[in-house]
Q: 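One structure is given below, represented as structure tokens, and several questions about it will come after.
In listed order, ligands and their atoms are each counted from 1.
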Amino acid sequence: MIKINENFLNLQESYLFSTVAKKVSEFSLKNPDKKIIKLGIGDVTRPIVPAVIEAMHKAVEEMSTKENFKGYGPEQGYEFLRKKIVEDYQKRGIDLKIDEIFVSDGAKCDCGNIVDIFDINNKIAITDPVYPVYLDTNVMSGRSGKYNENTGKYENIVYIPATAENNFIPELPKERVDVIYLCFPNNPTGTTLSKKELKKWVEYAKENKAIILFDSAYEAFISEEDVPHSIYEIEGAKEVAIEFRSFSKTAGFTGVRCAYTVVPKDVCGYTSNGEEISLNKLWNRRQCTKFNGVSYIVQKGAEAVYTEEGQKQIKENIAYYMENAKIIREGLKKAGYTVFGGKNAPYIWLKVPEGLTSWEFFDKLLKEVYVVGTPGVGFGPSGEGYFRLTAFGTKESTVEAMERIQKLKI
Ligand code: MLT
């Protein structure tokens, strides 16, 4: 009799964004005449910029010739792209080696797969609310312990609240933890940490021989000074942090798929005998075994992001989305809501009206004004009472969504 990985039964319902999509499609089937505006999942709407399209077309042509055809590429990514990534970090004064960069098909995949290289008994800390992938992949791999219906938490996971009460600045854990997930600019709250705040985490990790898994998928949206684009801007972080980045939101690659993970050689973990092992070596081994690399065509497209035109064009798209963020912030404020985020990130986090849960607010928005967002509680217990809207819609639909929300009777 085939046995299953029972850890999967310990997961809560379906993946958050699938639940949202299912509810929306059910409503839409019953109400085909209603024009639904989707500001739920953070998926881009602007087309891929011309510099990238041109590079991909060229790469397609290359694949059609005997001389330039490419079969399997390096699992870690082609050097031409990894070199550009290293140069990009250099612009911020960060020195990395090419073999510390691993190109992949998504930061979500890497954040999820990284758990392979850690012992099952490591203590995991997540901020709360949190991007669900960090939690669910630890549940799947058996690190979470049982789910407690009353608290909405898993017994072995350390939840660190980031709410309006603490200005969305998570406190250092009171107990010792081994792996800490941080995402800044934050998904879902859209808030950030200053360098000084982030430094505390790097120091904690050094003192406790812990690892920080730093998701900086939204760094391209930072507009304010003193907001770190990379954890490696903090001294000593190269010894304790792995960083995840993506072309998804930066360059509209959600459907194209390309990202990268930085695993500096100095980041170490320990065997049960206390022997120090470079995580770079383990991640490389993991990728070589389980991953066949990103397609040449896609990596050529990603390389073009770093050209002068590429940079100019992607920045125009980012500015477009950040204009939407402003429209949402101002629109919500006008309607009387308390809003957070949306200045250095494409997410706006709002307080739901008194007396409603975040799922009740979701239903109300969907059924009464046909606007889709994401309920805060879907990101963790501290997300209850909050709601997330994304700035990735079109400008027209964003404006219309705000007009509709202003009319919503609460
Ligand atoms: C989100 O809406 O949180 C993101 O689109 C999810 C993702 O990047 O996987």
Side-chain angles (χ1 to χ4, degrees), residues 11-12 14-24 36-46 104-115 126-138 140 162 168 181-192 213-221 243-261 294 302 317-318 321-322 324-325 328 340-342 344-350 358-359 362 365-366 371-380 382-383 386-394 397-398 401:
L11 289 163
Q12 293 311 291
S14 64
Y15 182 56
L16 172 64
F17 296 108
S18 318
T19 311
V20 169
K22 190 165 162 261
K23 277 180 175 263
V24 175
I36 297 173
I37 300 177
K38 293 182 185 166
L39 303 179
I41 189 162
D43 194 4
V44 292
T45 50
R46 307 285 297 158
S104 77
D105 58 347
K108 171 176 169 175
C109 319
D110 287 355
C111 287
N113 292 330
I114 199 85
V115 298
I126 54 170
T127 54
D128 175 23
V130 78
Y131 178 44
V133 174
Y134 316 149
L135 175 64
D136 285 2
T137 53
N138 278 291
M140 288 173 184
F168 300 95
Y181 288 85
L182 293 179
C183 171
F184 289 99
N186 188 256
N187 179 13
T189 65
T191 58
T192 55
L213 299 178
F214 193 75
D215 185 347
S216 70
Y218 300 96
E219 63 84 24
F221 295 83
E243 181 160 285
F244 304 94
R245 288 232 181 140
S246 173
F247 293 96
S248 280
K249 315 293 158 70
T250 309
F253 272 46
T254 53
V256 175
R257 310 305 312 150
C258 197
Y260 53 95
T261 289
V294 175
N317 280 351
I318 289 169
Y321 293 132
M322 291 316 281
N324 285 348
I328 297 176
F340 308 95
N344 297 292
Y347 296 120
I348 292 87
W349 191 240
L350 60 125
S358 47
W359 274 114
F362 171 91
L365 268 195
L366 175 62
V371 173
V372 180
T374 313
V377 72
F379 297 101
S382 296
Y386 293 93
F387 198 76
R388 193 193 78 174
L389 291 175
T390 94
F392 287 122
T394 63
S397 63
T398 304

Q: Could you tell me whether the side chain of Tyr218 reaches within less than 4.5 Å of the side chain of Pro346, counting heavy atoms only?
A: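 Pro346 vs Tyr218: side chains touch.
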Q: Tell me whether Lys249 has any N or O atom under 3.5 angstrom from an N or O of ligand 1.
A: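 Yes; the residue has a nitrogen or oxygen that sits under 3.5 Å from a nitrogen or oxygen of the ligand.
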Q: Check ligand 1 against Ile41 and write out every atom of the ligand that is under 4.0 Å from a heavy-atom position of the residue.
A: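 Counting atoms of ligand 1 from 1, those under 4.0 Å from Ile41 are 2 (O), 5 (O).
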Q: Run the numbers for me: atoms of ligand 1, each under 4.0 Å from some heavy atom of Tyr347, listed by number.
A: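 Result: 1 (C), 2 (O), 3 (O), 4 (C), 5 (O).
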Q: Are the side chains of Trp359 and Pro375 in contact, using a 4.5 Å heavy-atom criterion?
A: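 Pro375 vs Trp359: side chains touch.
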Q: How would you list, by chain and number, every residue that makes a ring-ring contact (aromatic ring centres under 6.0 Å, His included) with Phe392, sequence neighbours excluded?
A: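 With neighbours one apart ignored, the set is Phe221, Tyr321.
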Q: Taking the side chain as every heavy atom from C-beta outward, state whether Ser104 and Tyr260 have any atom pair closer than 4.5 Å.
A: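 Counting from C-beta outward, Ser104 and Tyr260 never come under 4.5 Å.
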Q: Going by the order shown, which atoms of ligand 1 are within less than 4.0 Å of some heavy atom of Tyr131?
A: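 Close to Tyr131: 6 (C), 7 (C), 8 (O), 9 (O).
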Q: Tell me which part of Asn187 gets within contact of ligand 1: side chain, backbone, both or neither, using heavy atoms under 4.0 Å.
A: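 Only the side chain of Asn187 comes within reach of ligand 1.
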Q: Could you see which bit of Phe392 sits under 4.0 Å from ligand 1, with heavy atoms only: side chain, backbone, both or neither?
A: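 No part of Phe392 comes within reach of ligand 1.
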Q: Is any side-chain heavy atom of Leu389 closer than 4.5 Å to one of Leu350?
A: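 Side chain of Leu350 against side chain of Leu389, heavy atoms only: contact under 4.5 Å found.
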Q: Regarding ligand 1, does Gly42 bring an N or O atom to under 3.5 Å of one of the ligand's N or O atoms?
A: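 For ligand 1, there is an N or O atom that lies under 3.5 Å from one belonging to Gly42.
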Q: For the residue pair Tyr134 and Asp215, establish whether any side-chain heavy-atom pair is separated by less than 4.5 Å.
A: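 A side-chain contact under 4.5 Å exists here.
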Q: Using a 3.5 Å cut-off on N or O atoms only, is Asp43 in polar contact with ligand 1?
A: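 No; every N/O pair is 3.5 Å or more apart.
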Q: Is any side-chain heavy atom of Phe340 less than 4.5 Å from a side-chain heavy atom of Tyr386?
A: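 They are in side-chain contact.
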Q: Going by the atom numbers of ligand 1, which of them fall below 4.0 Å from some non-hydrogen atom of Phe17?
A: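 Here the atoms of ligand 1 in question are 1 (C), 2 (O), 3 (O).
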